[in-house]
There are 2 protein chains.
Amino acid sequence: MPKLGMEPIRREALVKATIAEIGEHGTLGVTVSQIARRAGMSSALAHHYFGGKEQIFVAAMRYTMGVYAAEVRGALVMATGPAERVEAVVRASFSPRNFRADTVAAWLNFYVLAQVSDEARRLLDIYHRRIRSNLCHALRDPLGARAWPVAERVAALIDGVYLRQSLGHGTPDGDAAVEQVMGYARLELERAPT
Amino acid sequence: MPKLGMEPIRREALVKATIAEIGEHGTLGVTVSQIARRAGMSSALAHHYFGGKEQIFVAAMRYTMGVYAAEVRGALVMATGPAERVEAVVRASFSPRNFRADTVAAWLNFYVLAQVSDEARRLLDIYHRRIRSNLCHALRDPLGARAWPVAERVAALIDGVYLRQSLGHGTPDGDAAVEQVMGYARLELERAPT
DNA sequence: TTTCTTTGATTGACGAGTCAATAAAAACCA
DNA sequence: TGGTTTTTATTGACTCGTCAATCAAAGAAA
């Protein structure tokens, strides 16, 4: 059975199982055994490859952020002009995938962890920096010096709307979320001339 | 020792101890014993008065929200005019108290719990409805029909900015947070004429 | 005495992380 | 080629610790 090169396969299986398990239970209070069982291996193997539960979860979050970053890049290549570029970032943030219960649970628990785990905090910083950079880049041309504060506000608005859509009643509505954020973005772009 | 009317005293002590303990550990993974010890009683008594850990935490969150609501009301009575009323709500949301580590920890864990606990979800709904109502009321006069979507956006912006300030580097800056939100609010108020 | 308060002790269970031991593939060697 | 060693993969069993929740019983006021 033991074939070579199992490590990356096991790691990915664990990462995906972690997200699924946290999505089902809502909490980080899932056990390594549950995650390992879902990934089809013993808990000892999970510890062998990752070291501990927190490291497994951070890896899972890194994965989630990677997928999100890819979504953003994918949307950006088809965008022309500032408004479209901003909308690309916003749309990616509110994609169906990001509103799935497991993704939401991952993010919420990630925020909790970021309070106390340096590694998680670092990862969160990367997310903040990336989205800020993407938005700034899109806004720099039309807004000039105002690009920075507007980007910051759009980023915060994305997070806030995401939170409310995720925890509100009923199924989250991605299009409505996009409109909520773009409503502000367009306002800034229309009064553009710096 | 057993005097009458201990119940409210014990409950309050437990609620405050819960917030302090979660603030110190960051997580809901604190034990009932830790909370009870901090509140100066046995864990059995905590169970006696609240039933279980989740109920203790929900009570703690209800308390936190109550304090916040009082802050908002206090700020509102001194406000005249739409802009000031909005700013009152925003300022209260970013008061030093709300940026204390224990309050932040309470809110973040509350979001996690709201995914799976009906009681927590109901409480979160109350928060959403209240802030929406306060902002709508402040904006209805100058913005008319546009009051609702703008209020929703301001509310989301508050949550988003709060999240970023709390989990960003360094000490949260309440004034900067207020300015970030009011920057948008004023934009809407200036183009006011419906 | 009745009622409220309080806790020590207990139950019954679970969990993270470790370790020694097994299994199998690959690399080395003759 | 056949045999042997090394490396990687894998897990069952175990340690040590924890914890939520219960309960019977005791202390004290009404």
Side-chain angles (χ1 to χ4, degrees), chain A residues 1-61 105 109-110 112-113 116-120, chain B residues 1-22 24-61 105 109 112-113 116-120:
Chain A
M1 264 245 237
K3 304 136 191 162
L4 271 250
M6 275 289 100
E7 176 155 356
I9 298 172
R10 295 304 198 184
R11 288 184 98 100
E12 185 177 339
L14 281 168
V15 156
K16 288 183 175 170
T18 301
I19 295 170
E21 203 68 24
I22 291 182
E24 242 172 46
H25 289 71
T27 334
L28 249 177
V30 292
T31 72
V32 175
S33 299
Q34 288 170 323
I35 294 171
R37 190 176 324 129
R38 182 184 281 257
M41 72 195 81
S42 72
S43 72
L45 197 54
H47 278 101
H48 173 69
Y49 281 127
F50 278 101
K53 188 160 74 160
E54 183 178 312
Q55 286 149 287
I56 300 180
F57 179 63
V58 169
M61 208 53 218
N109 283 284
F110 182 53
V112 169
L113 190 64
V116 288
S117 156
D118 282 344
E119 196 60 24
Chain B
M1 264 254 230
K3 305 136 192 167
L4 275 245
M6 275 290 101
E7 177 156 355
I9 298 173
R10 296 303 199 185
R11 288 184 98 100
E12 185 177 338
L14 281 168
V15 156
K16 289 183 175 170
T18 301
I19 295 169
E21 203 68 26
I22 290 182
E24 241 172 48
H25 290 70
T27 334
L28 248 177
V30 292
T31 73
V32 175
S33 298
Q34 288 170 322
I35 294 171
R37 190 178 321 130
R38 182 184 283 256
M41 71 195 81
S42 72
S43 70
L45 197 55
H47 277 100
H48 174 68
Y49 281 128
F50 278 101
K53 189 160 73 160
E54 184 178 312
Q55 285 149 288
I56 301 180
F57 179 64
V58 169
M61 208 53 218
N109 283 283
V112 169
L113 190 64
V116 286
S117 156
D118 283 344
E119 196 59 24

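Letters go in sequence order (proteins before strands), and every chain restarts at 1.
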Note to self: Determine whether Asn109(A) and Ile22(A) satisfy the following criterion, side chain to side chain contact (heavy atoms under 4.5 Å, CB included), listing intermediate values before the conclusion.
What the structure shows: CA-CA 9 Å; Asn109(A) 283 284; Ile22(A) 291 182; 3.7 Å; yes
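In this entry the distance linking CD1 of Ile35(A) with C1' of dG17(C) reads 14 Å, nearest Å. Between the CG atom of Leu14(B) and the P atom of dT7(C) there is a distance of 11 Å, rounded to whole Å. Atoms CZ (Arg37(A)) and P (dG15(C)) sit 9 Å apart, rounded to a whole Å. The separation between Lys53(A) atom NZ and dC14(C) atom C1' is 12 Å, rounded to whole Å. As a whole-Å value, the separation of Glu54(A) CD from dA16(C) P is 13 Å. To the nearest angstrom, P of dT7(D) lies 16 Å from CD of Glu7(A). For the pair Glu21(B) CD and dC19(D) P, the computed distance is 11 Å after rounding to whole Å. Taking atom CG on Leu45(B) and atom C1' on dG27(D), their separation rounds to 14 Å, with Å as the unit.
Counting non-hydrogen atoms under 4.0 angstrom, Thr31(A) reaches the backbone sugars and phosphates but no base. Among the protein residues, Phe50(B) comes within range of no part of the nucleic acid, since none of its heavy atoms lies under 4.0 Å from any strand.
Applying the side chain to side chain donor-acceptor pair (under 3.5 Å) criterion to Arg10(B), with sequence neighbours excluded, gives no partner residue. Checked against ring-ring contact (aromatic ring centres under 6.0 Å, His included), Phe110(A) has the following partners two or more places apart in sequence or in another chain: Trp107(A).
In this structure, the nucleotide among dT22(D), dT18(C), dA9(D) sitting nearest to the side chain of Ala44(A) is dT18(C). The side chain of His47(A) lies closest to dT18(C), out of dT18(C), dT7(C), dT11(D). The Tyr49(B) side chain lies nearest to dT5(C) when the options are dT10(D), dT5(C), dT18(C). Side-chain proximity of Arg10(A) to the nucleotides dT7(C), dG17(C), dT10(D) is greatest for dT10(D). Among the nucleotides dT11(D), dT10(D), dA21(D), the one closest to the side chain of Met41(A) is dT11(D).
Positionally, the nearest nucleotide of DNA chain C for Gln34(A) lies more toward the 5' end than for the other of His48(A) and Gln34(A).
Side chain of Thr18(B) to backbone of Lys16(B): no donor-acceptor contact under 3.5 angstrom is found.
Rounding to the nearest 0.5 Å gives a distance of 13.0 Å between CD of Glu21(A) and CZ of Phe57(A).
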